[in-house]
Amino acid sequence: MYALLATGPESSTVLVELRNDDGTVAAPAQTIERSQLGSAVQSLEATHHPRWVWDRAIHWYPGLLADGIRVEKCHDLALCQNILQYSEFAAATGYQQNFTPLPPEVDPARGSSSIYGAQAGQESLFDAPPSSSTPVSWDLAAVARELVAQKTAIASSTHPARLTLLLSAESAGALVAAEMHYEGIPWREELHRRLLNDLLGPEPANFAHPEKLEALAGQLRTALNAPSLNPDSPQDLMRALHRAGIETKSTRSWELQEFKHPVIEPLLNYRKLSRLFTTNGWNWLQQWVKDGRFHAEYVVGGVVSGRWASRGGGAMQIPAQIRHAAVADPGYSLIVADAAQLEPRVLAALAQDTAMAAAGGDAAGNNKDLYAGIAAEGFDGDRSMAKVALLGAIYGATTGDSGRLVPQLARMYPRALDFVEQAARAGERGERVTSYLGRSTPPTSQEWRDGQRSTNAAEQRRAEQAARSRGRFTRNFVVQGTAAEWACCWLAELRRRLRVLAASAAVAPDFSGDGAAQPGTPQLVAFLHDEVMVHCPDHLIEEVKQIVHESSRAATELIFGKIPLEFPVNVSVVQCYADAK
DNA sequence: CACGGGCGCGCG
DNA sequence: AAAGCGCGCGCCCGTG
């Protein structure tokens with residue numbers, strides 16, 4: 001059963017239409033006042049548990065979540081269109097020549113684009129629910145048309161089952177992302193403030209710099225004999241360093257570390273603290289943490305490879321330094337799980353390299369550290385060497401330690417290395433490459449293709465460089481993209497099982513001090529490429545750990561079927577995110 | 001003064 | 001150990 005949701009003829013109304021799985025109308029479109037949308041969705045969810053079909057989950061779901069309503073499944077037309085419009089699997093279906101592009105997203109949290117432009121998103125996160133500023137959505141006819149077009153494209157594609165799985169996982173991702181944003185990562189503001197105070201000094205007034213940062217800047221000016229030095233200016237800094245006899249080519253930390261000079265230590269210290277202050281300091285706290293939660297904002301499919309991106313708070317780049325402030329509520333724990341060596345394992349599966357798969361565990365399901373397994377086979381047991389070599393192969397390293405180790409790996413695992421090599425060659429020729437479930441690279445730009453046809457020597461050199469660069473991109477794309485698919489399926493399976501657990505009686509016996517029943521359900525609160533975090537009531541820890549492992553096995557089988565390779569996950573149960581792993 | 005590229009560095 | 005993939009963010013600085 002599908003439930004199509006679209007803006008009505010008047011923007012204060014919404015149309016809902018029920019359709020059977022074969023596309024026939026089950027119940028004619030019903031007009032609903034926006035204010036009544038929540039209860040209408042809830043009752044349909046209870047009676048029909050339909051798959052909600054909407055232009056974008058991000059336009060509808062945050063408002064429903066704010067009303068306390070969650071749905072089981074959806075079809076996000078925009079995310080699916082984004083995949084189908086490039087997928088090589090659907091190249092011969094006619095969809096890519098004929099689809100109607102959806103209007104661009106308007107971020108509901110930020111409201112209209114004019115507000116976004118005018119005040120740089122300040123307090124944007126906590127503005128009124130999106131229903132008040134919902135942008136132009138497709139009308140019901142357009143939603144119905146696009147759904148049919150997409151289903152037709154999938155059915156007539158070269159791999160209908162894979163595309164179906166990919167699009168359903170992507171749509172589930174849209175629900176998870178909205179729910180994670182709604183829930184937020186538990187964040188102890190007072191711990192964060194204490195940390196800032198210890199490292200930077202008291203919170204500065206207005207736009208001043210913290211005193212410890214100013215003190216370090218003073219030390220730098222003295223040590224370099226440069227009274228007007230602005231340490232934030234790379235040019236300024238470079239000149240001062242050269243005057244002091246430090247002949248560095250850049251001002252990157254790892255390069256500066258090589259020099260012996262009294263200015264280096266305070267400079268690196270300044271760098272570290274300056275970054276903390278500007279990126280994750282008091283301003284960040286004020287803007288992103290509310291009522292003990294960091295409301296991370298995720299962009300599903302925001303990366304070409306299908307990985308998620310994040311927006312605003314740097315949700316996917318939380319530095320280790322401030323993870324001390326992410327602490328579970330009393331009576332709860334953080335369950336932090338990450339897939340072990342996800343990309344190398346994905347490569348072994350893609351290339352069907354049984355030798356590499358065997359290095360990651362045996363047929364009996366005894367999983368090994370894949371890097372250690374490879375190291376034992378050919379790198380004298382040196383795990384870090386094996387890791388550098390394998391990542392180098394996936395990234396296309398040609399020089400340095402990594403590049404030197406790749407040939408050894410190629411002798412050991414010719415199938416795996418050949419697989420990424422083929423992807424690289426295809427990319428260099430300007431061809432598209434595709435992940436296992438069917439996400440393809442966008443086509444090359446006109447500019448790129450023109451460059452490849454150039455005749456003069458200097459331009460040809462540039463073109464070859466551009467070709468090699470695209471080769472590294474496509475080489476990595478097939479692995480990173482398939483890894484993102486695995487992670488998305490894992491997440492979708494995890495969500496489904498957590499919903500079942502939450503609905504079961506197991507969660508009932510949890511009462512707060514005042515006697516009111518607290519649902520106390522485990523919540524997915526963060527996702528970082530190959531890692532998830534669940535904020536979990538203590539009495540459900542064992543069940544959730546089990547679910548995390550089951551979901552990993554389910555994801556692997558959904559994508560690859562039965563293969564002699566597992567995707568083990570490491571699970572830590574901690575109070576504080578900084579203690580994970 | 002707004003914008004965008006470059007840089008440096010955080011994450012995977 | 002330090003060059004090879006994908007990102008976001010904040011700052012500097014040149015351009016229009």
Side-chain angles (χ1 to χ4, degrees), chain A residues 117-118 120-121 207 209 213 229-238 248-258 267-268 270-281 283-284 287-288 296-299 301-323 338-344 346-347 382 384-385 387-406 420 423-424 427 433 435 439 441 468-484 487 526-532 577 581:
Chain A
F207 299 100
H209 281 69
L213 211 47
L229 172 72
N230 173 6
D232 296 326
S233 161
Q235 294 178 17
D236 207 4
L237 186 58
M238 187 78 103
T248 183
K249 289 191 175 61
S250 76
T251 67
R252 291 184 178 91
S253 293
W254 64 261
E255 194 174 335
L256 293 173
Q257 266 165 358
E258 305 302 311
L267 177 53
L268 297 178
Y270 177 91
R271 275 279 168 76
K272 193 92 187 152
L273 291 181
S274 167
R275 184 168 176 86
L276 174 64
F277 169 61
T278 55
T279 308
N280 295 107
N283 290 340
W284 182 88
Q287 197 171 355
W288 298 103
E297 202 177 327
Y298 296 103
V299 185
V303 179
V304 271
S305 64
R307 276 183 167 187
W308 290 14
S310 70
R311 167 165 59 200
M316 301 183 97
Q317 299 102 238
I318 303 169
Q321 214 176 12
I322 64 160
R323 295 187 180 189
D338 77 295
Q341 308 105 35
L342 178 56
E343 294 195 354
V346 161
L347 171 56
D382 188 330
S384 64
M385 245 192 198
K387 180 175 176 176
V388 165
L390 194 40
L391 292 177
I394 294 173
Y395 293 158
T398 53
T399 61
D401 278 7
S402 183
R404 274 192 294 279
L405 293 171
V406 171
V420 282
V433 298
S435 67
R439 190 185 304 261
T441 49
R468 281 194 298 275
S469 167
R470 185 159 193 281
R472 288 192 301 274
F473 165 62
T474 53
R475 171 195 296 268
N476 185 253
F477 181 95
V478 291
V479 177
Q480 188 183 113
T482 306
F527 174 58
L528 299 92
H529 310 306
D530 61 358
E531 176 180 328
V532 299
Y577 189 20
K581 276 188 253 198

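Every chain is numbered from 1, with letters handed out A, B, ... down the list of sequences.
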ask   = Between atom CG in A:L391 and atom C1' in C:dG6, what is the gap in whole Å?
value =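 So the two atoms are 13 Å apart, to the nearest Å.
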ask   = Could you give the CG-to-P distance, from A:L237 to C:dC11, as a whole number of Å?
value =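 Nearest whole value for this atom pair: 17 Å.
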Is [X] close enough to [N] that one of its side-chain N or O atoms is under 4.0 Å from OP1 or OP2 there?
{"X": "A:S233", "N": "C:dC13", "answer": "yes"}
{"X": "A:R472", "N": "C:dC5", "answer": "yes"}
{"X": "A:T398", "N": "C:dG4", "answer": "yes"}

request  = Could you list where the contact with chain A starts and ends along DNA chain B, reading 5' to 3', using a 4.0 Å heavy-atom cut-off?
outcome  =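 So the contact region on DNA chain B extends B:dG8 to B:dG12.
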By the 4.0 Å heavy-atom rule, please label [X] as base, sugar-phosphate, or nothing.
{"X": "A:S253", "result": "sugar-phosphate"}
{"X": "A:G313", "result": "sugar-phosphate"}
{"X": "A:I318", "result": "sugar-phosphate"}

inquiry  = Checking A:E258 against A:K249 for the salt bridge (charged side-chain N to carboxylate O under 4.0 Å, His left out) test, could you report, in this order, the C-alpha distance in whole Å, the side-chain angles of both residues, the deciding distance, and whether it holds?
reply    = CA-CA 12 Å; A:E258 305 302 311; A:K249 289 191 175 61; over 6 Å; no
query = Given Watson-Crick or G-U pairs with both distances under 3.5 Å, what dot-bracket string fits DNA chain C, with | for other-strand pairs and [ ] for crossing?
reply = ....||||||||||||
key: Closest heavy-atom pair and its distance - A:S250, A:E255   =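 Smallest interatomic distance, heavy atoms only, reads OG-OE1, 2.8 Å.
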Residue pair A:A389 / A:V406: nearest heavy atoms and the distance that separates them =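 Scanning both residues completely, I find the closest heavy atoms to be O-CG2, 3.8 Å.
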query = To the nearest 0.5 Å, what is the distance between CG (A:L268) and CH2 (A:W254)?
reply =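 One finds 13.0 Å between CG of A:L268 and CH2 of A:W254.
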